[in-house]
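We're numbering straight along the sequence, starting at 1. Numbering of ligands and ligand atoms starts at 1, following listing order.
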Amino acid sequence: MKKERVMASVRGMGSICIVILYLWTIFLAIAARVVPVPSILPNYERPVSSIFDTSKYGILQLNNGLARTPQMGWNSWNFFACNINETVIKETADALISTGLADLGYVYVNIDDCWSAITRNSKGQLVPDPKAFPSGIKALADYVHGKGLKLGIYSDAGIFTCEVRPGSLYHENDDAMLFASWGVDYLKYDNCFNLGIKPEERYPPMRDALNATGHSVFYSICEWGVDDPALWAGKVGNSWRTTDDINDAWASMTTIADLNDKWAAYAGPGGWNDPDMLEVGNGGMTYQEYRSHFSIWALMKAPLLIGCDVRNMTAETLEIISNKEVIAVNQDLLGVQGRKVYVAGTDDCLQVWAGPLSGHRLVVACWNRCSKAATITAGWDALGLESCTRVSIRDLWKHKDVAGDVVASFSARVDAHDCEMYIFTPQTLFRYDI
Ligand SMILES: *[C@@H]1O[C@H](CO)[C@@H](O)[C@H](O)[C@H]1NC(C)=O
Ligand SMILES: *[C@@H]1O[C@H](CO)[C@@H](O)[C@H](O)[C@H]1NC(C)=O
Ligand SMILES: *[C@@H]1O[C@H](CO)[C@@H](O)[C@H](O)[C@H]1NC(C)=O
């Protein structure tokens, strides 16, 4: 939300490689025994790439059964801001179905600020704005549920929301009960008008209030990264914003990606870093820039919350947000946030981002943040691979296997502000060398 408005706020090295790989395998086996495997996820693989620090990898800390993978859906704010009503929300739900986006996992239909009337009723309850939501939120939840989707709502850990509707601070139990009675599945909880009280004190009461309802509600913490929530929010919410609001511009998107990267080690199943919602399709960036935005958000295990008008998308927008292979990276069950692993060029504008995936695979993105097309090289050392490891590579935007047996490094020609994204599958020693 717009807090600025309201507050200051190898081939050829055969035998040597065999020995190295053999030792590496032993090392991994030992490492796997030393790293305590959380009993709660007995069948999950632990991350294997040594370069990725997962020492803070939080698993299911909140333990409310949700967010095993990052949330996917839509939110009204980025496109509609306050101009919302029940018709738009219903038509959006319809569009998520008719476009096939719901089948790809975009199931949360999240109403942001401005759904509520200016004041509480005589019983002290929140009331839906009678003009915009005359049928009420329960009816809307029923409609959305009837389509197999989930409904999200918005409130604020302060005395008002950012658009000056009643906030939930000191009303946590009543408001949580009301949301649960409507069948709401998701709460985005904002940070405006917070009386200067620390977020660590204001966000847990709503966690407890939601839990006490007995109804599963995804708890999305939005304190704008003010108090480094990655350090404490894993036990409080299912996701936590790590930055200020995104806007529909290349500078904002790239800045936010870098800020969110810092907290990679703290994300994991049950609790995700949230670099804010998608701007893809809103018109302020080029096709290449939106493709970068979507690729990096997927790789960072960010929530994939569409922020455009899904009732009226261009073919290019739909192509980007419905890329199944990129979505599969985001929803990979290993749940380790990928990160920036290598930079080169002027102002570090040639970048390699990567992260481990299940099945001992890696996702690798070559992101050209320079103003001209360039070749970006991902060296195996930056990816935590032995240089002799043979890797097969699939291009997630071309939907093609591009190489079957690459060693030491891989180079890609990338257009200005574009991002190429790959899955690297290291080959086993035995298949090739014995
Ligand atoms: C509902 O909101 C949409 C989007 O802002 C607007 O185009 C439409 O006119 C509104 N409908 C009503 C009945 O207010
Ligand atoms: C409430 O919290 C407990 C303890 O973490 C958890 O087991 C339970 O599933 C939670 N219930 C809901 C409805 O979130
Ligand atoms: C659909 O989007 C285009 C821009 O992509 C815009 O010009 C047009 O007004 C929109 N139509 C509606 C009905 O919102």
Side-chain angles (χ1 to χ4, degrees), residues 38-41 58-68 71 74-95 98-99 109-117 128-137 139-140 143 150 152 163 172-173 175-187 189 203-221 233-239 248 268-271 278-287 289-290 306-321:
S39 57
I40 196 150
L41 292 174
I59 291 184
L60 302 180
Q61 293 185 71
L62 178 57
N63 198 20
N64 64 352
L66 299 171
R68 185 151 278 203
Q71 66 268 41
W74 171 88
N75 173 290
S76 56
W77 187 260
N78 283 357
F79 184 81
F80 293 101
C82 248
N83 305 313
I84 52 167
N85 53 54
E86 60 188 42
T87 309
V88 161
I89 306 298
K90 284 180 172 177
E91 288 177 358
T92 296
D94 297 347
S98 63
T99 53
V109 180
N110 294 346
I111 311 172
D112 208 283
D113 205 348
C114 302
W115 64 268
S116 125
D129 183 296
K131 274 211 187 99
F133 294 89
S135 315
I137 304 299
L140 201 48
Y143 183 87
K150 295 176 185 298
E163 295 295 326
E172 291 87 354
N173 290 318
D175 293 356
M177 287 297 281
L178 187 64
F179 299 152
S181 75
W182 290 340
V184 162
D185 306 291
Y186 186 110
L187 175 67
Y189 205 41
Y203 283 82
M206 184 54 93
R207 167 199 60 194
D208 298 337
L210 292 171
N211 185 279
T213 68
H215 182 75
S216 284
V217 181
F218 191 109
Y219 187 28
S220 159
I221 294 177
K235 291 186 168 66
V236 182
N238 294 117
S239 64
D248 188 14
L278 298 167
E279 291 283 8
V280 181
N282 282 334
M285 289 183 248
T286 65
Y287 173 72
E289 291 170 348
Y290 280 141
I306 301 165
C308 69
D309 183 0
V310 290
R311 303 170 308 163
N312 181 30
M313 288 178 290
T314 63
E316 283 187 345
T317 296
L318 184 58
E319 181 216 318
I320 293 171
I321 63 179

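A distance-only check finds no donor-acceptor pair linking the side chain of H215 to the backbone of S181 [under 3.5 Å]. No side-chain donor-acceptor contact under 3.5 Å links W115 to the backbone of E86. Listed for the D113 side chain is no donor-acceptor partner under 3.5 Å among the backbone atoms of W77.
Look at G214 and you'll find a heavy atom under 4.0 Å from some atom of ligand 2. Put simply, part of L62 is less than 4.0 Å from ligand 2, judged by heavy atoms.
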Once you restrict both partners to nitrogen or oxygen, which atoms of ligand 3 have a protein partner under 3.5 Å, and how far apart are they?
| residue | atom | partner | partner atom | Å |
| --- | --- | --- | --- | --- |
| ligand 3 | 2 (O) | N312 | ND2 | 2.3 |
| ligand 3 | 11 (N) | N312 | ND2 | 2.8 |
| ligand 3 | 14 (O) | N312 | ND2 | 3.4 |

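Distance check: L178 CG to N173 CG gives 12.5 Å after rounding to the nearest 0.5 Å. Atom OG1 in T92 sits 5.0 Å away from atom CZ in F80 (nearest 0.5 Å). Separating the CG atom in L62 from the OG atom in S239 is a distance of 10.5 Å, to the nearest 0.5 Å.
Salt bridge status for R311 with D309: present, with a side-chain N to carboxylate O gap under 4.0 Å.
Each of the following atoms of ligand 1 lies closer than 4.0 Å to a heavy atom of N83: 2 (O), 4 (C), 5 (O). Heavy-atom contacts of V88 reach the following atoms of ligand 1: 1 (C), 2 (O), 3 (C), 4 (C) (cutoff under 4.0 Å). Within the listing of ligand 2, atoms 5 (O), 6 (C), 7 (O), 9 (O) sit less than 4.0 angstrom from a heavy atom of N63. Listed by atom number, the atoms of ligand 2 under 4.0 Å from N64 heavy atoms are 14 (O).
Using modelled atom types and a 3.5 Å distance limit, the side chains of N64 and N238 yield a donor-acceptor pair. Q71 and S220 are not linked by any side-chain donor-acceptor pair at a separation below 3.5 angstrom, with hydrogens and angles left out of the test.
At least one N or O atom of N85 sits closer than 3.5 Å to an N or O atom of ligand 1. The N/O atoms of H215, backbone and side chain alike, include none that comes under 3.5 Å of an N/O atom in ligand 2.
Aromatic ring orientation, Y186 versus F218: parallel (interplanar angle below 30°, classes split at 30° and 60°).
With a 4.0 Å heavy-atom cut-off, ligand 2 is reached by no atom of L210.
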